[in-house]
Amino acid sequence: MATLSIKSLGKTYPGNVTAVQDVDVEIADGEFIVLVGPSGCGKSTILRMIAGLEAITTGDLHIDGERVNDREPGDRNIAMVFQNYALYPHMSVRKNMEYGLKNEGLPKPEIAKRIEEASRTLRLEEYLDRKPRQLSGGQRQRVAMGRAIVRDPKVFLFDEPLSNLDAKLRTQLRAELKALHHRLGATFIYVTHDQVEAMSLADRIIIMNAGRVEQIGTPMDLYLRPATRFVADFIGSPAMNFIEGTVGEDRRSLAINGTQVLNMGQELPARAGAQVAMGMRPEHLGDAGGADIQVSLQVSFVEQLGADTVVHGNLSGGAQPLAVRLHGVHASEPGSEIALGCGMGHVHLFDTATGARLN
Amino acid sequence: MVENRPFLTFLTHAVLIIGVIFLCFPVWMALVASTHGPEALSRSPIPLWFGDRAWENYSQLLAGGLPEAGGVPIGRMMFNSAIMALVITFGKIAISLISAYAIVYFRFPFRMGFFWMIFITLMLPVEVRILPTFDVVTKLGMLNSYVGLTIPLIASATATFLFRQFFLTIPDELVEAARIDRAGPLRFFWDILLPMSRTNIAALFIILFIFGWNQYLWPLLVTTDESLYTVVMGIQRMVNAGEALPVWHYIMGTAVLALIPPVLVVVAMQKLFVKGLVESEK
């Protein structure tokens, strides 16, 4: 259980390759933080710097008020779970969990007690004497978690722990992980590239792009008020629709490609003549009747998901791709047109050049 | 796979059986010859079945002191061979494990330089560097000793290279997990790397033991003291026994005895050996 303070953290590799820069975040005791972003955005590098596996180039890292920049990974009181499990292949499950504790010099009865507790929590009792290769992927990942739990660390670090598992198991372990966090009350830092995982697990999400933090906030912050176009695009599935254009003189219209004009029911919060990208989530598009913004969608194909139907197509009379998520089962012929509307409250407006939010 | 046809099964078996006979015939001849008297072997045709002097020949050989073999008892020569083969094997495995560990897991100046230096020596067999090595051994006063017999043969580029390749296949995450588990470099080596290399070590043990046991040229050069002769040298000396006729029954008996230790090593470690060559553990 610990607080974590990260101040202007940066990592530069030899050859002046900057992987991470200017990361500032205060993590409260017992918080579940998820680092999310596309591959190569530096999220794993941050995690590895917290673990001590990667040297910190600039900035400071404090765990519980103590500066740990120069401490060995073993002395930081952290535990880490790896994507490929990283279990010792020649040791039994019990030995795998014991190893770190033995190296710490814990007395034998204490070790036995902790392993018993952890294996009960993770339902691993019957596998204690097996070797990792005799276990399934999900079981192996549970052993890796067990190895972390028995150390009773201040901070748990997870590096894409569920990426090697199949979809069903992933959902199941996600729930277990959430329950585990609840029970242990420890600080969790979790790296993933999967936004669904991030949304469902996190207390707060740190969303990264190209080595920089784009936004830090609760899942609903990120969903309802994305700070940048990148965040808006990354969070949500199917992804947000963007219509790029120029704000008209009366600020009540958007000119697309100079030909098509989209009329608004309200004034846009941008100056006349500004280049903007207007974002609307597929699930916020609905009945056209009386909505602030009215669009017409020309259907190209339909995804029937049962509970929802996702209709993909273009803005009628243009090439702007557009998707809408409709509740229940809908049959739409390719080529047909659907009239849709969106309330102003669900419109996200971004500057085309900088990607910054305008409303 | 190939289709299962009776004719093909017959053919493959026939080829295999012929191959086995071809390979085993010399061993068979040695076994048979060691059970006959000297006259039986200088006559034509050579006998193909066991004679009646097995007991006599082998007890003669083991009791030792055959003038034809330079008077050195076989037991003594077998002992020397065993010492030489074992020291070379253990020495090679230990040194190459440690140097591969250094090259793969530690960052030090000229790391790749050292690796290439080791690698280049792969291209120089013992025979090529035998003169300078002999010179060094002489100047260090190591002639006629077990030290001189074994140490120059211990450094091994092949084994170092093999262990390096194996260590490179071990995922980085495992090393990192060990660091988080507070395992220092020595602990990591002892607790994780060594057990994981078990099958590789076994495979190398067999290869190196046979290599050490069969050394001929080097012992011939550095030993003049009869009490340090190895069994392979002993056989050679018996064949070249000057004016006298070669004592084939004794020579073959010695050869059979010299075969036993390598065979025992192979039989004992065969399972691990195959695993080491075939399996790549996850």
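Numbered from 1 within each chain, the chains take letters A, B, ... in sequence-line order. We use all heavy atoms of the structure for the numbers below, so side chains are in, but hydrogens, waters and symmetry mates are not.
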> Could you tell me whether the side chain of A:Asp159 reaches within less than 4.5 Å of the side chain of B:Glu173, counting heavy atoms only?
no

> Side chain, backbone, both or neither: which part of A:Phe82 has an atom under 4.5 Å from a heavy atom of chain B?
side chain

> Using side-chain heavy atoms (C-beta onward) and a distance below 4.5 Å, is A:Lys102 in contact with B:Asp181?
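No, side chains not in contact.
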
> Please flag which part of A:Leu101 lies under 4.5 Å from any non-hydrogen atom of chain B: side chain, backbone, both or neither.
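Neither part; nothing is under 4.5 Å.
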
> For B:Arg187 and A:Tyr99, which heavy atoms make the closest approach, and how far apart are they?
O-OH, 3.8 Å

> More than 12 heavy atoms of other residues, nucleotides or ligands under 6.0 Å from CZ of B:Phe110: yes or no?
no

> Within a 6.0 Å radius of atom CZ on B:Phe106, are there more than 12 heavy atoms belonging to other residues, nucleotides or ligands?
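Check passes, neighbour count above 12.
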
> Can you list the residues of residues 84-95 of chain B that sit under 4.5 Å from chain A, counting heavy atoms only?
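Contacts with chain A: none.
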
> Is the count of non-hydrogen atoms from other residues, nucleotides or ligands lying under 6.0 Å from A:Lys95 atom NZ greater than 12?
no

> Which bit of A:Arg76 is near chain B, if near means a heavy-atom gap under 4.5 Å: side chain, backbone, both or neither?
neither

> So, for B:Ala177 and A:Ala86, which heavy atoms are closest and what is the spacing to 0.1 Å?
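Taking B:Ala177 first and A:Ala86 second, the nearest heavy atoms are CB-O, 3.9 Å.
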
> Closest heavy-atom contact between B:Ile180 and A:Arg151?
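Scanning both residues completely, I find the closest heavy atoms to be O-NH1, 2.8 Å.
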
> Between the side chain of A:His90 and the main-chain N/O of B:Asp191, is any donor-acceptor distance below 3.5 Å?
yes

> What part of A:Ala79 gets within 4.5 angstrom of chain B, counting heavy atoms only: side chain, backbone, both, or neither?
backbone

> Any side-chain heavy-atom pair from B:Met196 and A:Pro89 closer than 4.5 angstrom?
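Yes. Closest side-chain heavy atoms under 4.5 Å.
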
> Determine the minimum heavy-atom distance between B:Ile192 and A:Met91, stating which atoms define it.
CG1-CE, 4.2 Å

> Flag yes if more than 12 heavy atoms outside B:Phe79 fall under 6.0 Å of its CZ atom; otherwise flag no.
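Incorrect, the count does not exceed 12.
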
> Please report the closest heavy-atom contact between B:Leu174 and A:Leu87, naming both atoms and the distance.
CD1-O, 3.1 Å

> So which atom in A:Gly74 and which in B:Arg182 form the shortest heavy-atom distance, rounded to 0.1 Å?
O-NE, 2.9 Å

